[in-house]
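Here it is, the structure, as structure tokens.
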There are 2 protein chains.
Amino acid sequence: MAAVPTGRLVKDGLYEQFARIGKAVAHPKRIELLDLLCQGERSVEVLADAAAMTVVNTSAHLRVLRESRLVATRKEGTRVFYRLADDAVCEFFFSLRDLAGDRYAEVDRIVRDFFDARDELEPVNRDELLSRAGDGGIIVLDVRPREEYEAGHIPGAVSIPLADLKGRMASLPHRAEVVAYCRGPYCVLAPQALELLRRGGFTARRLEDGFPEWRRAGLPVATGESPSVDPHPPSTPELTGP
Amino acid sequence: MAAVPTGRLVKDGLYEQFARIGKAVAHPKRIELLDLLCQGERSVEVLADAAAMTVVNTSAHLRVLRESRLVATRKEGTRVFYRLADDAVCEFFFSLRDLAGDRYAEVDRIVRDFFDARDELEPVNRDELLSRAGDGGIIVLDVRPREEYEAGHIPGAVSIPLADLKGRMASLPHRAEVVAYCRGPYCVLAPQALELLRRGGFTARRLEDGFPEWRRAGLPVATGESPSVDPHPPSTPELTGP
DNA sequence: CTTCTATTCTATAGATCCATAGAATAACAA
DNA sequence: TTGTTATTCTATGGATCTATAGAATAGAAG
């Protein structure tokens, strides 16, 4: 009881610091920005577009994230690029996301309503994909924007960004089974790709989770350009943020 | 661009759910409550006392935590006991705490100002403690409240709650080297114990982190009563929250 | 130097959050 | 029944957060 002059002050100071992280992730748009930045560095304008916000508003949210030191910036000419301040921030985002997935049936319901409706077949998990990767009858399709593919992808995967898929679908071998992947279990790119592929007559499944989880699991990663089914991309790579 | 009617709605819905977690941990007192609940179930009154808040205010914060489903309650007579809704919540608290420790020099400074001033010697890490546990010349001291000790402690550790330490210090073998531990790297109990022990003429160090981290590392855990240097506790076990 | 573009800054009104006060409830005891 | 204790509910003023509008800055291009 006696002689502990600073105990409460120390505690208050520490929890105050911890709460800075909490305040930073107390707004859905800021979490979305962190999710986007887990994919790599982005300019303000690109982030604003992807998160469906005005540039001014996006800049204000990014300011909050920067002041909480979860993100850092780099200036290049007139543009400012934001990135995660540390890989640990991405890990923290994962643990936040996973806890929400654990605790909230709502998350499960939203995912089911949207994702399962587009899954004709069960999703493929990583182990299954690894064990079948060699047998040739399977095409692994990366439907993220080209620049994310080049920054890192599953070895052997073919890059067809979702925006290009409609036009380039015909170039895929028609008998093949396609496994599409994107940014993670809550990313809408792969489910949308499945819908297009299914309409085009393909047998398509999606990888249960996406590239960030693949890398996190310590599995092999390839970078730069890679085998393409159709070597002449018909349109400029474009960020697809529906 | 076309044919994606619900993409944005899905994203907004998901990030909204993720942000529920963020909002729950956007206030330092709520984080402190989660930290306390990581130690075990507690009544509102005990929590209010430990976090230095009024009962009414504590109840309001607990309500927020309950509505975000991070904690659950159990009623026993006229008292309500709160507990974490899941072990995953404790894991999430750890990752929040560790990220803050990584990112904020302030945390390090606060810890140093308070803790290092009370460390005469370097803290002991888990490996070192394990390798020296058998050699007899070392006493492992659990200075948490008795009830936390009984819920789980390091095998072979002696329980002397901080509040009792002054009175029971004399019963410790005077030549022994003491290693004190408490609730974790930011808990003030062990540093305070070191100060008392040092004044009493003991050679005392503290375990680098506390019991929650010990358990989390998968190391052996003992429960219930255990060897006590002084088998007649001089005062009722009491929650020590300076 | 002027124009253009990307971003940030300032001010503001509306919404939300927070601590406290005072009252209400619920379980138990006398 | 009447207290008594632990907790929650309701109302309120003040603080903080958020989105937007409009202006300012800074770099690149003409």
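Basis for what follows: all heavy atoms, side chains included, without hydrogens, waters or symmetry-related copies. Residue numbering restarts at 1 for every chain, and letters A, B, ... go by the order of the sequence lines.
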Item to check | Under 3.5 Å: donor-acceptor pair, side chain of Ser59(A), backbone of Val55(A) | outcome: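 A pair under 3.5 Å: no.
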Next on the checklist: Could you go through Leu70(A) and Leu37(A), starting from their C-alpha distance and side-chain angles, then the distance that decides it, and tell me whether this counts as side-chain contact (heavy atoms from CB on, under 4.5 Å)?
Outcome noted: CA-CA 10 Å; Leu70(A) 298 186; Leu37(A) 292 173; over 6 Å; no
Checklist entry - What class does the angle between the rings of Phe18(B) and Phe93(A) fall in, given that below 30° is parallel, 30 to 60° is tilted and above 60° is perpendicular? => result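 Perpendicular.
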Next on the checklist: Measure CZ/Arg20(A) against C1'/dT16(D) and give the value in whole Å, please.
Outcome noted: 17 Å
Item to check | Sugar-phosphate, base or nothing in reach of Arg30(B), heavy atoms under 4.0 Å | outcome: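 The answer is sugar-phosphate, as Arg30(B) gets under 4.0 Å only of primed atoms, P, OP1 or OP2.
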Item to check | Shortest non-hydrogen contact between Ala100(A) and Val107(A), atoms and distance | outcome: O-CG2, 3.8 Å
Next on the checklist: Strictly distance-based, threshold 3.5 Å: is any side-chain N or O of Tyr149(A) a donor or acceptor partner for the main-chain N or O of Ala157(A)?
Outcome noted: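 Checking the backbone N and O of Ala157(A) against the side chain of Tyr149(A), a donor-acceptor pair under 3.5 Å is found.
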Checklist entry - Under 3.5 Å, side chain of Tyr104(B) to main-chain N/O of Ser68(A), donor-acceptor pair present? => result yes
Checklist entry - NA contact type, Val64(A), heavy-atom cut-off 4.0 Å: base, sugar-phosphate, or nothing? => result nothing
Checklist outcome for this item: From CZ of Arg79(B) across to P of dT7(D) the rounded distance in Å is 7 Å
Checklist entry - Could you give the NE2-to-P distance, from His61(A) to dT18(D), as a whole number of Å? => result 6 Å
Next on the checklist: Do Arg97(A) and Tyr186(A) form a cation-pi contact, if we require the NZ or CZ to be under 6.0 Å from the six-membered ring centre and within 45 degrees of the ring's axis?
Outcome noted: no
Next on the checklist: Between C1' on dA6(D) and CG on Asp49(B), what's the gap in Å once rounded to a whole number?
Outcome noted: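 Going from CG in Asp49(B) over to C1' in dA6(D) covers 14 Å.
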Item to check | First-last contacting nucleotides on DNA chain C - partner chain A, under 4.0 angstrom, heavy atom | outcome: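 Counting from the 5' end, contacts occupy dT5(C) to dC9(C).
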Item to check | Sequence-aligned protein contact record of nucleotides 24-30 of chain D, with B where the base is within under 4.0 Å of a protein heavy atom and S where only the sugar-phosphate is | outcome: ---SS--
Checklist entry - Between dT16(D) atom P and Lys23(A) atom NZ, what is the distance in whole Å? => result 9 Å
Item to check | Tyr181(B) side chain to Trp214(B) backbone, donor-acceptor under 3.5 Å | outcome: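 Pair absent, no side-chain N/O of Tyr181(B) close to backbone of Trp214(B).
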Checklist entry - Reckon Tyr82(B) touches a base, only the sugar-phosphate, or nothing at all at heavy-atom distances under 4.0 Å? => result sugar-phosphate
Item to check | Which residues share a side chain to side chain contact (heavy atoms under 4.5 Å, CB included) with Ser43(A), sequence neighbours left out | outcome: Glu45(A), Val46(A), Arg79(A), Phe81(A)
